[in-house]
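Residue numbers begin at 1 in each chain, while the letters A, B, ... track the order of the sequences. Note that the structure is a prediction, hence the values are computed from the model and not measured.
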2 protein chains.
Amino acid sequence: MPPSHPPANSSLESALQTLRDHQARVTEPRRAILTILTSEHGPFTVEEIYQRIEKGVCDLVTVYRSLAAMEEINLVRRCDFGDGAYRYEFNTGDHHHHHIICRTCRSVKTLDFCVADSLERMARQLGYENVTHTLEIFGVCVNCQKKAARAGGPNPAVPG
Amino acid sequence: MPPSHPPANSSLESALQTLRDHQARVTEPRRAILTILTSEHGPFTVEEIYQRIEKGVCDLVTVYRSLAAMEEINLVRRCDFGDGAYRYEFNTGDHHHHHIICRTCRSVKTLDFCVADSLERMARQLGYENVTHTLEIFGVCVNCQKKAARAGGPNPAVPG
DNA sequence: CCGCCAAATGCAATTTAATTGCATTAATAT
DNA sequence: ATATTAATGCAATTAAATTGCATTTGGCGG
């Protein structure tokens with residue numbers, strides 16, 4: 001019987017290789033963070049990532065620093081849902097995508113395409129370099145609409 | 001001679017009317033904030049707005065609260081340039097636009113059109129209500145590229 | 001014009017995300 | 001194995017934003 005291998009996770013492996021390619025070290029905390037980000041759908045706040053890491057593996061500040069380092073080499077992307085905490089997701093690199101965030105329950109729907117490529121192109125034509133963008137769509141999802149309707153009833157403001 | 005009027009600023013006047021329409025009071029701080037936002041091109045951080053207000057007119061926390069109130073009735077829009085401080089700009093309402101932010105000097109270029117209308121429409125078709133979006137483009141502007149070239153020189157890493 | 005009342009404000013304290021300094025640990029090259 | 005230095009842990013700190021509560025004030029009715 002050959003030695004058992006960890007479950008194949010090519011995203012994780014290539015992410016670790018990307019670290020090496022940038023002279024960044026592959027450490028246990030970074031491996032843990034990337035394992036989460038490559039296996040679970042994000043994006044997650046730093047706190048959320050930290051809580052998913054086996055307790056004791058690393059400090060919260062290490063998650064901050066690791067993510068910052070990973071963002072610099074485009075391993076992860078930072079999103080802003082406008083609620084005061086940045087979120088991170090694994091950067092697949094090839095295909096950009098967008099999110100629709102429910103402004104009530106914070107659920108996230110992923111749209112697997114990007115409308116802003118043309119804008120980035122335009123920015124480059126205007127002379128900008130190193131162009132990126134952030135685009136988030138906000139709304140109230142169907143579930144939350146229903147809940148609101150139930151809670152408020154047909155005549156919300158009229159007592160008795 | 002008729003009594004002198006303050007300089008006509010229809011944006012300001014209609015903004016104040018919007019406040020009244022929402023049963024919000026027209027106070028001196030709010031007038032000051034809206035005067036700034038309707039006359040100067042933003043977006044500005046809360047701190048920046050506060051510093052532009054004549055000293056003593058109001059407290060910083062009032063600027064926070066006023067802007068929050070104004071955002072709720074869509075008088076202003078909040079943007080995120082990803083540097084830890086939200087920025088606000090007057091919401092013209094009719095025509096959405098985008099920004100290109102230099103990630104070095106933070107200069108802002110305004111693009112007077114919007115590519116995300118189609119995305120908002122799609123979100124609505126997916127059942128979302130109250131749909132909005134944020135889209136910011138980041139890059140390094142031509143000026144900062146030149147400065148970097150001068151500072152670094154043709155052989156940045158090679159001393160003497 | 002005067003007074004009422006809720007909305008808005010000022011001030012101080014607080015919360016929370018994120019950052020920094022520094023001593024220690026550990027990953028990688030030799 | 002050893003050296004080098006990036007990465008980490010811990011504690012303290014920064015800075016944006018929020019909250020509580022007493023006070024003020026805008027806009028209303030009389």
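Applying the 4.0 Å criterion to OP1 and OP2 of dT8(D), one finds that Arg65(A) has every side-chain N and O outside that range. Listed pair Ser66(B) / dT9(C) meets the phosphate criterion, a side-chain N or O lying under 4.0 Å from OP1 or OP2. Proximity of Thr27(A) to the phosphate of dA27(C): no side-chain N or O atom is located under 4.0 Å from OP1 or OP2.
In terms of hydrophobic clustering, with Ile, Leu, Val, Met, Phe, Trp and Tyr side chains grouped at heavy-atom distances under 4.5 Å, Val57(B) and Leu12(B) are assigned to a common cluster. In the hydrophobic clustering of ILVMFWY residues, with side-chain heavy atoms under 4.5 Å counting as a link, Tyr128(B) and Leu135(B) come out together.
For dA7(D), the base has no donor-acceptor partner in the side chain of Arg25(A) [N/O atoms by modelled type, under 3.5 angstrom].
Across all strands, Ala69(B) comes closer than 4.0 Å to no nucleic acid atom at all (heavy-atom distances). Residue Val26(A) is classed as a sugar-phosphate contact, given heavy-atom separations below 4.0 Å to backbone atoms only. Within 4.0 Å (heavy atoms only), Val63(A) reaches no atom of the nucleic acid at all.
The distance between atom CD of Glu47(A) and atom P of dT19(C), rounded to the nearest whole Å, is 14 Å. Taking atom CG on Leu19(A) and atom C1' on dA6(D), their separation rounds to 12 Å, with Å as the unit. One atom, CE of Met70(A), and another, C1' of dA7(D), lie 11 Å apart when rounded to the nearest Å. Straight-line distance from the CD atom of Gln23(B) to the P atom of dG26(D): 18 Å, rounded to whole Å. Here dA7(D) presents its C1' atom at 6 Å from CZ of Arg30(A), a figure rounded to the nearest Å. Residue Asp59(B) contributes atom CG, which lies 13 Å from atom C1' of dT18(D) at whole-angstrom precision. Look at OH on Tyr64(A): it is 15 Å from P on dG9(D), rounded to the nearest Å. The interatomic distance linking Tyr86(B) (OH) with dA17(C) (P) rounds to 11 Å, in whole Å.
Judged by the 6.0 Å and 45° rule, Arg78(A) forms a cation-pi pair with Tyr86(A). In this structure, Arg52(A) forms a cation-pi arrangement with Phe44(A), its terminal cationic atom sitting closer than 6.0 Å to the ring centre and no more than 45° off the ring axis.
Toward the 5' end of DNA chain D, the nearer of the two residues Arg78(B) and Pro29(A), judged by each one's closest nucleotide, is Pro29(A). Along DNA chain D, the nucleotide nearest Val46(B) and the nucleotide nearest Val57(A) are compared for position; the residue whose nucleotide lies closer to the 5' end is Val57(A).
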(request) Report the C-alpha separation of Ile33(B) and Val46(B) in whole Å, then their side-chain angles, then the decisive distance to 0.1 Å, and conclude whether the side-chain contact (heavy atoms from CB on, under 4.5 Å) test is met. (result) CA-CA 10 Å; Ile33(B) 292 168; Val46(B) 177; over 6 Å; no
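Comparing dA11(D), dA12(C), dA17(C) against the side chain of Ala85(A) picks out dA17(C) as the nearest.
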